[in-house]
Amino acid sequence: MNLRNKLALSVAKLSKITVKKLHLGNATSLPGKLALKISPNILSCFTKQVKKEIITVTGTNGKTSTCGLLASILRADERKIIHNSKGANMLTGIASALIDNSSMNFKINADNFLFEMDEAYFAKAVDFFSPDLILVTNLFRDQLDRYGELDTTAKKIQSAIDKSKHPTVILNADDPGVSSLQNNNGEKIFYGFENINFDFDFDRTKETSVAEISYCTCGEKYAYEKIFYAHQGHYFCKSCGNKRPAPQICADAQISRDKSTLTIKYQNQEFVFHANIPGLYNAYNVLGAIAAALILKIPPQTIQEGLNNFKTEFGRSEKLTINDKNILIQLIKNPVGATEVIKSIDTAKEENTLLIIINDNYADGRDVSWLWDAKFELLKDFEGKIIISGIRASDMAVRLKYAGVDMTKAEIIPDIKNALKKSIDITQKNAMLNIIPTYTALLEIDKMKHTL
Ligand SMILES: [Zn+2]
């Protein structure tokens, strides 16, 4: 191993210890950042040592949850995995995860690498390793100010697939932008939903039509036989006959507020899986993770065991209890994801509280105009108290006012710690405090949740 790599590894490991000692955070990116600065090639020292598959998960929404679910399934299958958890999904996060699991002699012991990949950095990462499995969850309008148009994102993912040697590509058939990705170097597997049923009632008439429009490669606007949410569904092109591919892994879903049941057909067999995470958007994450597990030939009962063991990443539908109050934290970052989160909130109970925290730091996206595309109208009849916090609390308050929310029930407390304290205080025992923060607000809550 050359001297530069040795130096990079030592500095990275030392920085991790320092960050921990000084309680500066989780050190999910800094060690990797320093290592890559000293030796840009350090990743290649590790990536050839993996015993089985290198698995990558990319797409605009649901990466962290899908990866978390799949990690849990792989562990249930008694595989040793290296996984960049906590959403550190750029090269620095991947380097940090590898360094963290490496000895000072650059030895690592892993059956699988499971990498959540930021879609914008994926193609660059493929210079250092070639994924065996590439799962693409969806392509939503997301952080446009950072990444540009949707087409650009699809092109970046396509270029990563093209650079990979023999990848099996697992694609969400219900998302037209994803299903049109090509794989000239290996197999292409589709997953998708046939039918979706809800066993709770949210008034769908309160939903205005969804703004996401998708276009066929011929330029025609897609028509839909079924729309599940946003642009996800059974689409077809009236002009050229292009349509949603029939998925090899297809599922019916029964969605409840806090869990979902998936009946999956694959290779002439039928399996039923249960997962304890809320919302249709999470049912897609569960289906994606199961699809990858089935391709890896993991037995269904092991998959179910993995789903049972799954603990959500902080803020990705995480349930916790502080001072005997039930809290559910769900990250929001773009219109479609936020709308799905809002749908999962029970608005009818007066004893429930809602805390919305909107920041506009770089990692949140500087432009908060997306708040106007999310369906906050669904909160119009929220019976409990609403606390609004964060750097852009006043923008959020204006948005709620226009959504028809009764603002006499709302209070603006810009300071996040005070807002969190107050929200917990006013939530009644056995009721639910729903917290919906943007990314950097979520990190702040993570830091302060033990000090309340
Ligand atoms: Zn067409």
Side-chain angles (χ1 to χ4, degrees), residues 25 87 143 312-335 337-347 349-428 431-452:
Q143 300 174 321
T312 50
E313 293 285 338
F314 184 69
R316 268 76 178 190
S317 311
E318 189 186 47
K319 292 168 196 163
L320 60 149
T321 310
I322 299 178
N323 303 342
D324 296 327
K325 312 289 172 70
N326 299 317
I327 300 174
L328 176 63
I329 306 175
Q330 300 185 87
L331 172 75
I332 55 170
K333 57 174 187 173
N334 54 28
T339 300
E340 289 307 306
V341 164
I342 295 165
K343 277 185 200 164
S344 76
I345 294 172
D346 189 353
T347 56
K349 291 202 181 104
E350 206 181 327
E351 62 272 26
N352 289 352
T353 309
L354 172 63
L355 170 59
I356 308 175
I357 316 174
I358 307 296
N359 279 352
D360 66 350
N361 295 312
Y362 178 73
D364 301 298
R366 291 282 181 172
D367 178 4
V368 294
S369 62
W370 64 269
L371 293 175
W372 292 90
D373 296 327
K375 301 286 173 292
F376 285 99
E377 282 73 12
L378 294 165
L379 294 173
K380 199 165 59 169
D381 302 319
F382 191 81
E383 291 290 338
K385 274 281 260 174
I386 301 178
I387 308 273
I388 308 160
S389 184
I391 301 166
R392 301 300 285 265
S394 50
D395 297 73
M396 187 64 235
V398 172
R399 176 68 187 93
L400 287 185
K401 185 167 181 286
Y402 277 87
V405 171
D406 174 4
M407 294 308 280
T408 60
K409 289 178 181 160
E411 184 178 352
I412 302 177
I413 307 177
D415 180 77
I416 295 179
K417 189 160 190 174
N418 291 336
L420 183 59
K421 267 189 181 155
K422 170 98 189 238
S423 306
I424 293 171
D425 283 347
I426 62 173
T427 304
Q428 294 177 26
M432 177 66 82
L433 166 58
N434 281 284
I435 305 181
I436 56 175
T438 58
Y439 185 68
T440 64
L442 175 69
L443 297 181
E444 286 184 55
I445 299 173
D446 193 17
K447 270 191 224 154
M448 62 184 64
K449 69 176 177 183
H450 300 297
T451 64
L452 292 162

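Numbers here are sequence positions counted from 1.
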Side-chain heavy atoms of [X] within contact of [Y], under 4.5 Å:
X    : Y    : result
D346 : M432 : no
I416 : N359 : yes
I357 : I445 : yes
I358 : I332 : yes
V405 : F376 : no
I435 : S423 : no
T347 : L378 : no
M407 : I388 : yes

To the closest 0.5 Å, what do you measure between [atom1] ([X]) and [atom2] ([Y])?
X    : Y    : atom1 : atom2 : result
I356 : T438 : CD1   : OG1   : 11.5 Å
K421 : M448 : NZ    : CE    : 9.5 Å
L400 : E377 : CG    : CD    : 9.5 Å
I387 : I413 : CD1   : CD1   : 4.5 Å

Task: Greater than 12 external heavy atoms within 6.0 Å of K319's NZ - done: yes

Task: Residue E351 excluded, over 12 heavy atoms near CD under 6.0 Å - done: yes

Report the residues that fulfil side chain to side chain donor-acceptor pair (under 3.5 Å) with [X], sequence neighbours left out, ordered by chain and then residue number.
X    : result
T427 : T353
R392 : D360, D395
K385 : none

TODO: Please determine, by modelled atom types, if D364 and T440 share a side-chain donor-acceptor pair under 3.5 angstrom.
DONE: yes

Task: Working for side chain to side chain contact (heavy atoms under 4.5 Å, CB included), residues I424 and I327 - done: CA-CA 9 Å; I424 293 171; I327 300 174; 4.2 Å; yes

TODO: Just jot down the salt bridge (Lys or Arg N to Asp or Glu O under 4.0 Å) partners of K325, sequence neighbours excluded, or say none.
DONE: none

Task: Contacts of type salt bridge (Lys or Arg N to Asp or Glu O under 4.0 Å), residue K417, not counting sequence neighbours - done: none

Task: Full working for side chain to side chain contact (heavy atoms under 4.5 Å, CB included) between E411 and K422 - done: CA-CA 10 Å; E411 184 178 352; K422 170 98 189 238; 2.8 Å; yes

Task: Worked verdict on I342 versus K375 for side chain to side chain contact (heavy atoms under 4.5 Å, CB included) - done: CA-CA 8 Å; I342 295 165; K375 301 286 173 292; 5.6 Å; no

Open item on the list: Please check: side-chain N/O of T321 versus main-chain N/O of N326, any donor-acceptor pairing under 3.5 Å?
Closed with: no

- [ ] Among residues two or more places apart or on two chains, list those pairs meeting salt bridge (charged side-chain N to carboxylate O under 4.0 Å, His left out) that have a residue in residues 434-445.
- [x] none

Residues in side chain to side chain contact (heavy atoms under 4.5 Å, CB included) with [X], at least two apart?
X    : answer
K409 : E383, D406
I345 : L354, F382, N434, I436
D425 : none
S344 : Q330

Task: P414 versus S389, closest heavy-atom pair with distance - done: O-OG, 3.0 Å

TODO: Assess whether side chain to side chain contact (heavy atoms under 4.5 Å, CB included) is satisfied between I322 and L433, documenting all intermediate values.
DONE: CA-CA 10 Å; I322 299 178; L433 166 58; over 6 Å; no

